[in-house]
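Take a look at the structure below.
Remember, it's 1-based here, ligands and their atoms both numbered in the order they're listed.
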Amino acid sequence: MLFMNDMLLLKLGEVVLKGLNRRSFEDRLKANTARRLKNLGQFKIYSTQATIYVEPLDDAADMDAAFDACLKIFGVSAVSRAMACEKNEDAISAAAIEYLRDRLTSVSSFKVESKRSDKSFHLGSIQLSQYVGGMISDAYPHLRVDVHTPELTVNVEVRDYAAYVHAGGTPGAGGLPVGSGGRAVSLLSGGIDSPVSTYMIAKRGVSIIPVHFFSFPYTSQLAKEKVLKLANILTDWCGRLTVELVPFTRIQEQIRDNCPEEYLTIITRRFMMRIAQVIADRNGCGAIVTGANLGQVASQTMEAIGVIEECTRLPVLNPCIGMDKEDIITLARKIGTFDTSILPYEDCCTVFTPRHPRTKPRLDAVLEAEAALDIDTLVKEAVDGIERIKA
Ligand code: ATP
Ligand code: MG
């Protein structure tokens, strides 16, 4: 057997804990991995022993990009770039000496750690480590073996089909495979918080339908494009996304013209919830995700959140609710949405902001204020005008 290429080993994270579901989680993860790598080359993707193997089928595969893409797949706890070789100690040593040349020449101490999931292999783990360690020492005389605090650990894994050599894994995205935990709609504004909340819920295995409300001409085409760009960035983590763009102008004008100014934001939000629920029902979604953050703005007091969420029977998930803004920003930077989020385009809510919003709205007062509107017709018109765009 000839091994031309290096490959990727994806260690399963929490998935491993799921007992009977494990098989379907693994299948889901393999399918997600295949989809993420589709444009980066031809790969063989298979799994055994809580690891998914990604093997390029030819030299055209972009392994650097594949590695980066795999770091963003939820359900993966670590990604290693490994060299596959024949299952004998000389081939393993030769692979380590060759494949890890850069690493081995740049450190002064190392150790070899071997694992054998193929228990029929003729050497024990310790014997194998000693053998490979000896060969590496011969090839790189400057290296010292240090079993306690080595600068580099050479990992050898003897598995069913082959042996693998790598220099340790990079922490993966963690979480659960997208799609293993049902679906939710996520209210995606152009702000900093909602891309983060979308990411956080996707990380729990939920597949996401982003919903954006826009109020042309009060909000521009650029604002819409900004949201599509955010959704596009999020596909790296969430997988394929189709954004539901909801025309919101008429609803906002009706609220502005017929309701007390102090309730504008609350009533607007309640319409978002109602429309989100219709979209959720159409798509088999079990929850609505928002970027609400307790105390951040007038519409995010407990009282306001209570009144906003009252008009939907679905659970509303607010994963950023207790985070500090700094922590949200750190996460936004990590997932790559921050720079786009801070582009200065108006959001539909900022266009119609009351001067003195109610921070402690009462439900009965809000219901009374809303009674001036033909809610069902407005919701239906907005839903009928939805445009769906692939991110
Ligand atoms: P973000 O940074 O996510 O915009 P924010 O702190 O600015 O959040 P608000 O603007 O009050 O807070 O919005 C609260 C939440 O309502 C948002 O996180 C988002 O989930 C939802 N939301 C607000 N505006 C829109 C919109 N135009 N389209 C879709 N969802 C929206
Ligand atoms: Mg906002």
Heavy-atom nearest neighbour of [atom] within options [options]:
atom	options	answer
atom 1 (P) of ligand 1	Cys320, Ser189, Gly291	Ser189
atom 3 (O) of ligand 1	Ala223, Ser194, Ala276	Ser194
atom 12 (O) of ligand 1	His212, Gln300, Lys224	Gln300

Report, in ascending order of atom number, the atoms of ligand 1 lying under 4.0 Å from any heavy atom of [X].
X	value
Val211	29 (C)
Thr290	20 (O)
Gly191	1 (P), 2 (O), 4 (O)
Met272	24 (N), 25 (C), 26 (C), 31 (C)

Examine Lys203 relative to Phe74 and say whether NZ or CZ is less than 6.0 Å from the centre of the six-membered ring and inside a 45° cone about the ring axis.
no
Answer yes or no on whether Arg274 is positioned over the face of Phe271, meaning its NZ or CZ is under 6.0 Å from the six-membered ring centre and within 45° of the axis.
yes
[Y] versus [X], side-chain donor and acceptor atoms under 3.5 Å:
X	Y	result
Tyr263	Glu370	no
Thr265	Ser299	no
Ser129	Glu113	no

Return yes when Asn293 approaches ligand 1 closer than 4.0 angstrom through a heavy atom, no otherwise.
no
Can you confirm, on distance only, whether ligand 1 has an N/O atom lying under 3.5 Å from any N/O atom belonging to [X]?
X	result
Leu187	yes
Pro195	no
Lys325	no

Going by side-chain hydrogen bond (donor to acceptor under 3.5 Å, both in side chains), name the pairs with one or both residues in residues 231-242, residues two or more places apart or in two chains.
Lys72-Asp236
Out of the candidates Asp64, Val54, Leu9, only one should pair with Arg81 under the side-chain contact (heavy atoms from CB on, under 4.5 Å) rule; please name it.
Asp64
Specify the closest pair of heavy atoms between Asn293 and Cys320, including all atoms of both residues, with the distance to one decimal.
ND2-O, 2.6 Å
Which segment of Val227 sits under 4.0 Å of ligand 1 when only heavy atoms are counted:
neither
